[in-house]
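These notes are about the structure you will find just below.
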Amino acid sequence: MLDIKLIRDHEETVRQGLKARNASLEFLDAVVADDTQRRKLVTEVETLKNQRNVVSKDIGMLKSKGQDTTATQKSMRDLGDLIAQKDNEVRDLEARLKDNLLRIPNLPHSSLPVGTDASANVVVRSYGTPRQFTFQPKGHVEVGEKLGIFDFARGAKMTGSGFPLFLGMGSKLQRALIQFMLDLHTTEHGYTEMLPPFVVNTASMIGTGQLPKMAEDMYHATDDLWLIPTAEVPVTNFYRDDVIDKPLPVYLTAYTPCFRREAGAAGKETRGIIRVHQFDKVEMVKFVEPSTSYAELETLVTNAEDVLQRLGLSYRVLSLCTGDISFAAAKCYDIELWAPGQNGWLEVSSCSNFESFQARRANIRYRRQDGKLDFVHTLNGSGVALARLVVAILENGQEADGSVTLPEAIVPYMGGIRRIEPPK
RNA sequence: GGAGAGGUGGCCGAGUGGUCUAAGGCGCAGCACUGGAAAUGCUGUGUACCGCAAGGUACCGUGGGUUCAAAUCCCACCCUCUCCGCCA
């Protein structure tokens, strides 16, 4: 959520920012109009309330002296009706104002490349050199099916398409990678591990920015609970409506499954486990002092890169352009893994600085040096997303005989297994 | 799911319709006293919104309602604790 004062005082700047990211201006227009109207109305109704408070106090005093106050009470009843009526107007106006405000995306940071779509994203660095194959590398579906480590047909039978099912070494590999990443972030990068609920309430979804706009992209359960699309939601909401009582920065990390309806995405990358409705992910979340958030974003990205470097995978880091960053982000780096079977790049991490956008929605504050309360800056990044990581490991590690050599770093987590062999 | 108790400022806790402008305590900050400290004393100490300001308005779990006036009365809901039931 943008600061209403920023909109009030620098409307043109806000307008330019929204244009740069191709956002609709209709919500901004509505907010500007309602804000003016609201302030006028609030001033009016508060004057009336002051009148009522003063007179009511008098009534109390007069009554204690035994005087008759019937006439005053009658006129106050009318005043009360007027106040109630205006209060209702204010309430309706504020509800609409808030709802529209929640639909305005964050403003892009000045350092972003300008552009309308992904083609304007900029590669800021690359790591590793893609392996040269002596044979034609296969896609992960073919590799994995031969190894018997997943069974998409049965996943589709028990749930539906897009719900992958891992078996045997595939299942173990997922588990090993989760363990490996959590250990890395907790022991070397300074994060505290959390295992949060996998479903959250509506207030949490609003807090991180999924609602109200992205309701169609998520699974909504009974009791008004939502399946989380990312651990970002429960972990960031850990401090919702709180004043953080420990020194900043606070780093948290969590493994969770992620559930995404991917509404409208059918037909694109639907084969295998590249785009699915359920996947596992280790997420990193930071709560930081505003002045440090861009430096913190850089280290966040390197924390994610560290995972990939240790696994010996080739990747590139992209700075997303103004037209391609997500709703709540002010700046975002994507990390993409090289997948030889796809002959292309796979997004496995998205690291974003939300500045105070989420903190303002979720009301997450800290006490500044001068004693004043202020909103923190929040950041999060995948560290990293599974399934696609598995794709890269399978496709990069495949051998001519159909086996897959695993990255050295994961071997201890696999109980010493270095290679997944096809069943005899 | 059932029964009972409860939810008040950073914390503890009083307050059952009218100077509540929420007592008192703890904590914190400043000052005094002191060689320095402890102890003691004094002073200050919530948030948001409206307003150029003076000032005003709102907030006692949340949302409604009654009333001239609600922390206080009524209704619904949420959460916590205790016990019972069910249960991996």
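Convention: sequence-line order gives letters A, B, ...; per-chain numbering from 1. These values consider heavy atoms only, across backbone and side chains, with no hydrogens, waters or symmetry-generated copies. Predicted model, so just to flag it, every value in this text is computed and none were measured.
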For the pair made of CD in A/Gln67 and C1' in B/G18, what is the distance, rounded to whole Å?
-> 15 Å
note: A/Asp9, atom CG; B/G51, atom P; distance rounded to Å ~ 11 Å
A/Asn201 CG to B/G61 P, straight-line distance once rounded to whole Å | 20 Å
Are A/Arg388 and A/Ile274 close enough that some pair of their side-chain heavy atoms sits under 4.5 Å apart?
-> yes
RNA chain B nearest-nucleotide lookup for A/Arg8 and A/Arg91: closer to the 5′ end is A/Arg8
P atoms of B/C26 and B/A39, separation to the nearest Å | 11 Å
For the pair made of CG in A/Asp242 and C1' in B/G9, what is the distance, rounded to whole Å?
-> 16 Å
Say you pick atom C1' in B/G56 and the same atom in B/A76; how far apart are they, in whole Å?
-> 33 Å
Side-chain contact check for A/Ile59: nearest option of B/C50, B/U57, B/G18 is B/G18
side-chain N/O A/Asn50 vs B/G56 OP1/OP2, d < 4.0 Å | no
Below 4.0 angstrom, N of the basic side chain to O of the carboxylate: do A/Asp35 and A/Arg8 qualify?
-> yes
Closest to the A/Gln73 side chain, choosing from B/C50, B/C68, B/U57 | B/C68
Check ion pair A/Asp99-A/Arg103 (N to O, under 4.0 angstrom) = yes
To the side chain of A/Arg39, which of B/C49, B/U47, B/G51 is closest?
-> B/G51
G-U wobble or Watson-Crick pairing nucleotide for B/C86 (cut-off 3.5 Å, both distances) = none
Phosphate OP1/OP2 of B/C50 contacted by A/Lys49 side-chain N/O (<4.0 Å) = no
SB check A/Asp374 A/Arg367 (cutoff 4.0 Å) | no
Mind calculating the distance between CG (A/Asp241) and C1' (B/U47) to the nearest angstrom?
-> 12 Å
Pair assignment for B/U62, Watson-Crick or G-U wobble, requiring both distances under 3.5 Å | B/A76
Watson-Crick/G-U partner (both atom distances under 3.5 Å) of B/G4 = B/C81
With a 4.0 Å cut-off on heavy atoms, is A/Thr72 in touch with a base, just the backbone sugar-phosphate, or nothing at all?
-> nothing
Give a yes/no answer on whether the side chain of A/Arg52 brings an N or O atom under 4.0 Å of OP1 or OP2 in B/C68.
-> no
Select base, sugar-phosphate, or nothing to describe what A/Leu373 touches, counting heavy atoms under 4.0 Å on all strands.
-> sugar-phosphate
Is a salt bridge present between A/Lys146 and A/Glu142, judged by a nitrogen-to-oxygen distance below 4.0 Å?
-> no
Please determine, for B/C68, whether a Watson-Crick or G-U wobble partner exists with both distances under 3.5 Å, and give it or none.
-> B/G18
With the side chain of A/Arg38 defined as its heavy atoms from C-beta on, choose the nearest nucleotide among B/A58, B/U47, B/C49.
-> B/C49
Between A/Arg310 and A/Glu188, does at least one N-O distance fall below 4.0 Å, as a salt bridge requires?
-> yes
Among A/Phe287, A/Tyr251, A/Tyr255, find the residue that satisfies the ring pair (Phe, Tyr, Trp, His ring centres under 6.0 Å) test when tested with A/Tyr191.
-> A/Tyr251
Could you give the NZ-to-C1' distance, from A/Lys246 to B/G10, as a whole number of Å?
-> 17 Å
For B/U66 versus B/A71, give the span between their P atoms, rounded off to a whole number of Å.
-> 16 Å
If we call it a pair only when both distances are under 3.5 Å in a Watson-Crick or G-U wobble match, what pairs with B/G51?
-> none
Nearest-neighbour nucleotide for the A/Lys57 side chain, B/C49, B/C68, B/U21 considered = B/U21
P atom, B/G1 versus B/C50: distance in rounded Å?
-> 41 Å
Given B/C50, B/A48, B/C68, which nucleotide is nearest the side-chain atoms of A/Ser56?
-> B/C68
Salt-bridge criterion met for A/Arg261 and A/Asp217 (N-O under 4.0 Å) = no
Taking atom P in both B/C60 and B/G65, what distance in whole Å separates the two?
-> 15 Å
Once you round it to whole Å, what is the distance between P of B/A69 and CG of A/Leu62?
-> 16 Å
What is the distance from NZ of A/Lys5 to P of B/C50, rounded to the nearest Å?
-> 7 Å
Side-chain N or O of A/Lys63 closer than 4.0 Å to phosphate OP1/OP2 of B/G17 = no
Can you tell me, in whole Å, how much space there is between the C1' of B/U62 and that of B/C12?
-> 24 Å
Kindly say if A/Asn53 contacts the phosphate of B/U57, meaning a side-chain N or O under 4.0 Å from OP1 or OP2.
-> yes
Separation between the C1' atoms of B/A3 and B/G9, rounded to whole Å = 33 Å
State the pairing partner of B/G36; accept Watson-Crick or G-U wobble contacts with both distances under 3.5 Å, and report none otherwise.
-> none
Find which nucleotide of RNA chain B each of A/Asp35 and A/Thr47 is nearest to by heavy atoms, and output the residue with the more 5' nucleotide.
-> A/Asp35
Considering Watson-Crick and G-U wobble pairs with both distances under 3.5 Å, what does B/C31 pair with?
-> B/G41
